[in-house]
*Asks:* 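Structure below; questions to follow.
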Amino acid sequence: MMLPESVLKYQHEIWQAIGETFVMVGISIAAAVLVGLPLGTLLYLFRKGQRYQNRALFTVLGSLVNIIRSFPFLLLVVFMIPFTRLVVGTSIGTLAATVPLSVIAIAYYARLVEQALLDVPKGVIEAASSMGASTVQLVLKFLYVEARSGLVLGLTTATISFVSYSTVMGIVGGGGVGDFAIRYGYQRFETEIMIFTIVIMIVLVQMIQFTGSRLSRWLDRRS
């Protein structure tokens, strides 16, 4: 299939924008797994009726997660500019864009992790306790194993949201496919560029959903 001349003209910029999107989404996924997964696990453990039920800590952590998730994303980006500048030295660019993206990714995935762990049958928890499992063993060998399919599906859903959030970063100079679509498609009235970037995003989201769903089903069959 022959690509439109306008698309061929900007192919270097397109590949650069795709690379920037992958950087933003990749770092946010890493933050979600490294921080959001433990945070969601703590939310689960601190709930009433769980091993380390603690109303005060659960309220503090839950409120923090809810506040971050309730922020309109663009306002969160603006609100975090001083913190972003403190962390990476600038508030503009792809690296700077990963800071607010990572923060929302952590909060978003933490809630999904908590929900996935709540879906684990109580019998599994009781069995782990009866065998004298420590908290680390309970989490790693029982909770995560039983909830692995849900955790993967949650991460898949979260990743698709991160892709969507990354397109907004173009407004504040974060780069990526969204920034490319605005600068080369919308502002220059290049309709073909706009359509092409939309197709790229659709294909990317479909690939993520397909991969995540297949992996989740495979893990579910192993249980």
Side-chain angles (χ1 to χ4, degrees), residues 14-15 17-45 62 65-66 68-73 76-77 94-95 97-121 124 138-170 174-181 195-223:
I14 291 172
W15 282 112
I18 293 173
E20 291 169 346
T21 295
F22 273 109
V23 169
M24 288 188 285
V25 174
I27 292 177
S28 63
I29 291 172
V33 173
L34 295 176
V35 183
L37 180 61
L39 178 58
T41 305
L42 288 176
L43 285 170
Y44 170 82
L45 292 174
V65 169
N66 288 338
I68 294 173
R69 292 182 65 207
S70 64
F71 254 89
F73 183 62
L76 178 66
V77 173
T94 302
L95 187 60
T98 64
V99 176
L101 266 175
S102 296
V103 170
I104 193 67
I106 291 168
Y108 191 91
Y109 190 53
R111 278 300 184 199
L112 295 177
V113 169
E114 180 191 15
Q115 185 57 55
L117 297 181
L118 286 171
D119 290 337
V120 174
V124 173
L138 170 67
V139 171
L140 297 180
K141 296 185 178 181
F142 292 90
L143 289 175
Y144 286 172
V145 171
E146 287 294 322
R148 59 194 175 194
S149 179
L151 292 174
V152 169
L153 276 180
L155 186 60
T156 301
T157 301
T159 301
I160 291 173
S161 297
F162 305 158
V163 172
S164 177
Y165 288 140
S166 73
T167 62
V168 179
M169 299 310 300
V177 175
D179 178 55
F180 174 81
I195 294 174
F196 186 73
T197 52
I198 291 172
V199 170
I200 289 175
M201 298 305 291
I202 291 174
V203 171
L204 180 59
V205 167
Q206 292 300 318
M207 289 174 59
I208 293 170
Q209 185 64 64
F210 175 80
T211 303
S213 297
R214 289 292 296 271
L215 179 58
S216 175
R217 286 198 297 269
W218 179 73
L219 290 172
D220 197 38
R221 287 198 299 270
R222 293 189 61 196
S223 58

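Quick caveat: nothing in here was measured; it's all calculated off a predicted structure.
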*Asks:* Could you walk me through whether Leu101 and Ile27 satisfy the side chain to side chain contact (heavy atoms under 4.5 Å, CB included) test, starting with their C-alpha distance in whole Å, then the side-chain angles of each, then the deciding distance to 0.1 Å, before giving a yes or no?
*Replies:* CA-CA 8 Å; Leu101 266 175; Ile27 292 177; over 6 Å; no

*Asks:* Is Phe22 atom CZ crowded by more than 12 heavy atoms from other residues, nucleotides or ligands, each under 6.0 Å away?
*Replies:*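 No.
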
*Asks:* Identify the heavy atoms of Tyr144 and Leu117 that sit nearest to each other, and give their distance.
*Replies:*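 Heavy-atom minimum between the residues: CD2-CD2, 4.2 Å.
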
*Asks:* Let me confirm one number: the CD1-CG distance from Ile106 to Leu37, rounded to the nearest 0.5 Å.
*Replies:*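 Here the rounded value is 11.5 Å.
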
*Asks:* Give the minimum heavy-atom separation between Ser28 and Ser102, together with the two atoms involved.
*Replies:*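 Heavy atoms of Ser28 and Ser102 come nearest at CA-OG, 4.0 Å.
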
*Asks:* Please report the interatomic distance CD1(Ile104) to CG(Leu76), rounded to the nearest 0.5 Å.
*Replies:*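 Here the interatomic distance stands at 5.5 Å.
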
*Asks:* How about Tyr108 and Ile68: do any of their side-chain heavy atoms sit closer than 4.5 Å?
*Replies:*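 No, their side chains stay 4.5 Å or more apart.
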
*Asks:* Run the side-chain contact (heavy atoms from CB on, under 4.5 Å) test against Leu42 and tell me which residues pass, sequence neighbours left out.
*Replies:*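 side-chain contact (heavy atoms from CB on, under 4.5 Å) list for Leu42, sorted by chain: Phe46, Leu61.
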
*Asks:* Is there side-chain contact between Val120 and Phe142, with at least one heavy-atom pair below 4.5 Å?
*Replies:*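 In short, these two side chains do not touch, never coming nearer than 4.5 Å.
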
*Asks:* Apply side chain to side chain contact (heavy atoms under 4.5 Å, CB included) to residues Val177 and Leu204 and explain how you reach the verdict.
*Replies:* CA-CA 11 Å; Val177 175; Leu204 180 59; over 6 Å; no

*Asks:* When you measure from the side chain of Arg217 to the backbone of Ser149, do you find a donor-acceptor pair of N or O atoms at a distance under 3.5 Å?
*Replies:*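 No: the side chain of Arg217 does not pair with the backbone of Ser149.
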
*Asks:* Please enumerate all residues that pass side chain to side chain donor-acceptor pair (under 3.5 Å) together with Ser213, with sequence neighbours excluded.
*Replies:*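 Ser213: side chain to side chain donor-acceptor pair (under 3.5 Å) contacts with Gln209.
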
*Asks:* Determine the minimum heavy-atom distance between Thr159 and Val25, stating which atoms define it.
*Replies:*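 Smallest heavy-atom distance, with atoms named: CG2-CG1, 4.0 Å.
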
*Asks:* Has the side chain of Ser216 got a donor or acceptor atom that lies under 3.5 Å from a matching backbone atom of Leu153?
*Replies:*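 Not a single qualifying donor-acceptor pair exists.
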
*Asks:* Of all heavy-atom pairs between Thr41 and Val113, which one has the smallest distance, and what is that distance?
*Replies:*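 In terms of heavy atoms, the two residues are closest at N-CG1, 3.9 Å.
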
*Asks:* When rounded to the nearest 0.5 angstrom, what distance separates CG in Leu118 from CG in Leu143?
*Replies:*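 Reported to 0.5 Å precision, the distance equals 10.0 Å.
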
*Asks:* Any idea which heavy atoms bring Ser166 and Thr21 closest together, and the distance?
*Replies:*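 So the minimum-distance heavy-atom pair works out to OG-CG2, 3.8 Å.
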
*Asks:* Mind checking the CD1-CD spacing from Ile160 to Gln206? Nearest 0.5 Å is all I need.
*Replies:*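 Between Ile160 CD1 and Gln206 CD, I get 8.0 Å after rounding to 0.5 Å.
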
*Asks:* Contact between Tyr109 and Leu151 at the side-chain level, heavy atoms closer than 4.5 Å - yes or no?
*Replies:*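 In short, these two side chains touch, coming nearer than 4.5 Å.
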
*Asks:* Please find the pair of heavy atoms, one from Val152 and one from Gly212, that lie closest to each other, and give the distance.
*Replies:*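 Looking at all heavy atoms of both residues, the closest pair is CG1-O, 3.7 Å.
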
*Asks:* Heavy-atom distance under 4.5 Å between the side chains of Asp119 and Glu146, does that happen here?
*Replies:*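 With C-beta onward as the side chain, the pair stays apart.
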
*Asks:* Could you measure the distance from the CG atom of Leu215 to the CG atom of Leu155? Nearest 0.5 Å is fine.
*Replies:*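 Taking CG in Leu215 and CG in Leu155, the distance rounds to 9.5 Å.
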
*Asks:* Can you measure from CG (Asn66) to CZ (Arg69) and round to the nearest 0.5 angstrom?
*Replies:*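 The distance works out to 7.0 Å.
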
*Asks:* Tyr165: which residues meet the ring-ring contact (aromatic ring centres under 6.0 Å, His included) condition with it, sequence neighbours left out?
*Replies:*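 Residues passing ring-ring contact (aromatic ring centres under 6.0 Å, His included) with Tyr165: Phe73.
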
